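Here the structure is a predicted model, which is why all the values come from computation and not from measurement. Because only heavy atoms are used, hydrogens play no part in the values below, and waters and symmetry mates are left out as well, while side chains stay in. Chain A is the first sequence line, chain B the second, and so forth, proteins listed ahead of strands; every chain is numbered from 1.
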Amino acid sequence: MASHPTQAQQQILTLLALVPCGKVVSYGQLADLAGLPGRARLVGSTLRTQNTEQLPWHRVVAADGRLGLPKGSPGWLEQRQRLLAEGVLFKGDPLTGDKVPMAKYQWQPDLAAMLMLFER
DNA sequence: ATGCTGACTACTG
DNA sequence: CCAGTAGCCAGCA
């Protein structure tokens with residue numbers, strides 16, 4: 001079972017819930033927004049170990065647009081399918097392309113709103 | 001405690 | 001484009 005999330009992981013999950021349909025965010029960007037610069041791997045680790053059933057986990061991709069899971073794996077296929085279903089198209093042929101054009105789909109959160117969330 | 005792995009990423013050659 | 005490297009550090013044996 002998933003262990004209790006640390007506060008850092010909780011912030012990551014809270015932010016993830018805000019990523020809108022049709023947009024993606026990179027592991028590193030999510031870490032930055034959560035006030036955890038340089039900790040992209042914590043985002044990956046969190047998605048791997050926590051329960052993401054009610055969260056848009058499929059909107060988290062690598063900084064270069066590829067998906068984090070091993071190409072061709074069940075998880076990779078599902079993430080890709082979910083993204084396509086919400087209009088996120090891949091570079092080149094939708095059937096063979098394996099990268100999301102980040103410039104086009106990356107989430108641009110409202111900075112003021114982010115500060116409201118984590119100000120102390 | 002110690003060591004390794006991994007849904008990371010920027011940098012170098 | 002590919003390979004290696006350096007930071008990163010939670011989770012697990």
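A:S26 comes within 4.0 angstrom of sugar-phosphate atoms only, judged by non-hydrogen atoms across all strands, and of no base. Note on A:L47: a base of the nucleic acid sits closer than 4.0 angstrom, heavy atoms only.
Spacing between atom CD of A:Q9 and atom P of C:dC8 amounts to 18 Å, rounded to whole angstrom units. One interatomic measurement links the two molecules: NZ of A:K91 to C1' of C:dC1, which rounds to 13 Å at whole-angstrom precision. Rounded to whole angstrom, the span from the CG atom of A:D98 across to the P atom of C:dC1 amounts to 10 Å. B:dT9 atom C1' lies 11 Å from atom CG of A:D32, rounded to whole Å. Between the CG atom of A:D64 and the C1' atom of B:dC11 there is a distance of 14 Å, rounded to whole Å. For the pair A:I12 CD1 and B:dC8 C1', the interatomic distance rounds to 12 Å; values are reported in whole Å. Between A:L55 atom CG and B:dA7 atom P the separation is 18 Å, expressed in whole Å. Between the OH atom of A:Y27 and the P atom of C:dA10 there is a distance of 18 Å, rounded to whole Å.
Judged by distance alone, with hydrogens and angles left aside, A:R48 brings no side-chain donor or acceptor close enough to the base of B:dG6 to form a pair under 3.5 Å.
Spacing between B:dA7 and C:dG7 at atom P, rounded to whole Å, works out to 23 Å.
Side-chain contact check for A:F90 versus A:L83: some heavy-atom pair is nearer than 4.5 Å. With contacts defined as side-chain heavy-atom distances shorter than 4.5 Å, the pair A:R66/A:V61 does not qualify. The shortest distance between side-chain heavy atoms of A:L67 and A:D98 does not fall below 4.5 Å.
Under 4.0 angstrom from either OP1 or OP2 of C:dA10 there lies at least one side-chain N or O belonging to A:R39.
Among C:dG7, C:dG11, B:dA7, the nucleotide with an atom closest to any side-chain atom of A:L69 is B:dA7. Between B:dA7, C:dA10, B:dT9, one nucleotide has an atom nearer to the side chain of A:W57 than all others, and that is B:dA7. Across B:dG6, B:dA10, B:dA7, the shortest atom-to-atom separation from the side chain of A:R41 is found for B:dG6. In the set C:dG11, C:dC8, B:dC8, C:dG11 carries the atom at the smallest distance from any side-chain atom of A:T49.
Annotation: cation-pi geometry not satisfied between A:R41 and A:Y27 (NZ/CZ under 6.0 angstrom from ring centroid, within 45° of ring axis).
Electrostatic pairing of A:E86 and A:R59 counts as a salt bridge here, judged by a charged N lying under 4.0 Å from a carboxylate O.
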